[in-house]
Peer 1: 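Here's a structure for you.
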Amino acid sequence: MKAYRVNGGRPLEGTVAIHGAKNSVLPILAACICCAGICEIDNCPRIADVDTAIAILEHLGCRVVRQDHRLTVDAATVDRCDIPGDLMGGMRSSILFLGALLTRCGRAELSLPGGCALGRRPIDLHLWAAEELGACWEGCSPSLRCTCRSMAGCCLPLRCPSVGATENAMLMALGCRGVTTIENAAREPEITDLARFLTAMGAKVVGAGTGTITVEGGRPLHGACHKVMADRIEAATYLCAAAGCGGLVELVGAVPDALTPVTELLERSGCILQPTERGLLLQSDGRLHTPGPVVTRPHPGFPTDAQAPMMAALLRAVGITEFTETIFENRLRHVEQLRLLGADIRQYGSRALVRGVAHLHGGILEATDLRCGAALLIGALQAEGDSTVLGVHHIRRGYDNIVETLSAVGARIWETDYTG
Ligand code: UD1
């Protein structure tokens, strides 16, 4: 079994190049099939979820060529509208092919998506949006067949600002007659990046980044080139690592504005952050104090994806830090694992109280989801002695070259075979 071995207790110093955003490239790759042309996607991270997206595109009949961090997707040859269960189950974003397939083929045969185990992750809003726009779906869990004779734009007031449902509604709206208005839309920067790509394909999308997005459907779409935005969660992860370990790290390509909720907390914890010509610089003496409560919220609030890394950064911070997870019902699974490093954390449902300890020690830990995995590495990098982090497949789903990246800033981390 593959594992990461970490010998912790060293500051991090140097430069980290931030890759393209996982949560941006996945909807963009699904969107490629909305046109029958060739799309070129630059700054595409080399992560397992992108491999899954490529496998889905190829299954649907696309020709995909990968050259380092550039993907060329030729969707002219799409010849099927079903996605097998093993590909659907590989990641949550596979559900975005629902909207893309309805627009391209007028039907989609799918099953329930996979993704990180964070508690219940229903897709009712995605299916509701499809129905409101004129699609019918049949079948019961886990298989699902969605068909539409003709779809017509309408107003879609979302019950909550779901990122995936907003993106799916945008993709479905491309194939509708007339205008679709998505209300209470998610405002995450990745939605704006998707809108930029759709616009380059010939779509008319207005309001991305605000709570109301309108899409004018039925316009002819063509192939387009796009550079994926920088991954703000990857950047947040490396900021948290450097904050907790101490050191001086410049994140090249990071966009400071997209990171404000994270950088504000790190500044309040005692770090110095400074935008640079190339990105963002963090300086930390590794002696943090509590920044006050951390509450996850939809954008522009504190991102749920950065909650686990931030908790790991503050394990040794003086004082008590209260974390409240409001987006997902079970997203504190890292707590139990971080305790194995000697962390003092009490959990009350979706709340966790972290009392900073003077020292962490090494341990054998297991990642249960992607951001949990990131948090365990950040904890292990601060711990004295050796740690082993299992469950590396979760980490590979969302981090491009994490071992090399951390090694380049002085971390002692290796991939090994764990035999127990
Ligand atoms: C996306 C991100 C994920 C991030 C999350 C919240 C991608 C690939 N993933 O996930 O990294 O943690 O946004 O920022 O972009 N909900 C429903 N019904 C639905 C859909 C969602 O009740 O049909 C609920 C969810 O259970 C959750 C909340 O809405 O409680 C937010 O989920 P959502 O924004 O949809 O997250 P994802 O798009 O799955």
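Owing to the predicted nature of the structure, the values given are computational and were not obtained by experimental measurement. One-based numbering, in listed order, for ligands and for the atoms of each. Because only heavy atoms are used, hydrogens play no part in the values below, and waters and symmetry mates are left out as well, while side chains stay in.
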Peer 1: Could you check which of Leu26, Val163, Asp124, Leu370 puts a non-hydrogen atom nearest to atom 1 (C) of ligand 1?
Peer 2: Val163

Peer 1: Taking distance alone, with N or O pairs closer than 3.5 Å, would you say Ile327 contacts ligand 1?
Peer 2: yes

Peer 1: Taking NZ, NE, NH1 and NH2 as the nitrogens, is one of them in Arg331 or Asp305 under 4.0 Å from a carboxylate oxygen of the other?
Peer 2: yes

Peer 1: Of all the atoms in ligand 1, which lie at a distance below 4.0 Å from a heavy atom belonging to Asp305?
Peer 2: 3 (C), 4 (C), 11 (O), 12 (O)

Peer 1: Taking both backbone and side-chain atoms of Glu167, is any N or O found less than 3.5 Å from an N or O belonging to ligand 1?
Peer 2: no

Peer 1: Carefully, step by step, assess Arg232 and Glu190 under the rule salt bridge (charged side-chain N to carboxylate O under 4.0 Å, His left out).
Peer 2: CA-CA 9 Å; Arg232 65 196 169 99; Glu190 293 77 13; 2.8 Å; yes

Peer 1: Just going by heavy-atom distances, which of Pro122, Pro161, Ala306, Pro298 is nearest to atom 19 (C) of ligand 1?
Peer 2: Pro122

Peer 1: Should Arg159 be listed as contacting ligand 1, given a heavy-atom distance under 4.0 Å as the test?
Peer 2: yes

Peer 1: Any side-chain donor-acceptor pair under 3.5 Å between His19 and Asn401?
Peer 2: no

Peer 1: Can you tell me the protein heavy atom closest to atom 23 (O) of ligand 1 and the distance?
Peer 2: Leu125 N, 2.8 Å

Peer 1: Identify the closest protein heavy atom to atom 10 (O) of ligand 1: which residue and atom is it, and at what distance?
Peer 2: Arg121 NH2, 3.6 Å

Peer 1: Say whether Thr388 and Tyr418, considering side chains only, have a donor N or O and an acceptor N or O under 3.5 Å apart.
Peer 2: no

Peer 1: Out of Thr304, Asn168, Asn23, whose heavy atom is nearest to atom 6 (C) of ligand 1?
Peer 2: Thr304

Peer 1: With a 4.0 Å cut-off on heavy atoms, is Arg331 in contact with ligand 1?
Peer 2: yes

Peer 1: Please name the residue in the list Arg339, Gln307, Arg371 that meets the side chain to side chain donor-acceptor pair (under 3.5 Å) test with His334.
Peer 2: Gln307

Peer 1: If you have a sec, work out which protein heavy atom is nearest atom 38 (O) of ligand 1 and how many Å separate them, to one decimal?
Peer 2: Gly164 N, 2.8 Å

Peer 1: Is the closest side-chain donor-acceptor distance between Thr276 and Glu250 under 3.5 Å?
Peer 2: yes

Peer 1: What protein heavy atom is closest to atom 35 (O) of ligand 1, reported as residue, atom name and distance in Å?
Peer 2: Ser162 OG, 2.6 Å

Peer 1: Suppose we measure from atom 25 (C) of ligand 1 to each protein heavy atom; which comes out shortest, and what is that distance?
Peer 2: Phe328 CE2, 4.2 Å

Peer 1: According to salt bridge (Lys or Arg N to Asp or Glu O under 4.0 Å), who are the partners of Asp74, at least two apart in sequence or on a separate chain?
Peer 2: Arg63

Peer 1: Taking 4.0 angstrom as the limit and counting only heavy atoms of Arg92, give me the atoms of ligand 1 inside it, by number and element.
Peer 2: 20 (C), 39 (O)

Peer 1: Could you grab the distance from atom OG1 of Thr103 to atom CG of Leu133, nearest 0.5 Å is fine?
Peer 2: 9.0 Å

Peer 1: Need the ligand 1 atom indices (1-based, order shown) with element for anything under 4.0 Å from a heavy-atom of Cys160.
Peer 2: 29 (O)

Peer 1: Under 4.0 Å from a heavy atom of Ile123: give me the atoms of ligand 1 that qualify, with their elements.
Peer 2: 23 (O)

Peer 1: Is any side-chain N of the basic residue among Glu109 and Arg80 closer than 4.0 Å to the acidic one's carboxylate O?
Peer 2: no

Peer 1: In sequence, state the C-alpha distance, the side-chain angles, and the governing distance for Leu341 and Ser387, and then conclude on side-chain contact (heavy atoms from CB on, under 4.5 Å).
Peer 2: CA-CA 9 Å; Leu341 297 173; Ser387 296; 3.7 Å; yes

Peer 1: Which ligand 1 atoms are under 4.0 Å away from a heavy-atom of Ser93?
Peer 2: 8 (C)

Peer 1: With a 3.5 Å cut-off and sequence neighbours excluded, list the donor-acceptor pairs that the side chains of residues 182-189 form with protein atoms.
Peer 2:
from, atom 1, to, atom 2, distance (Å)
Asn184, ND2, Leu158, O, 2.9
Glu188, OE2, His299, N, 3.1

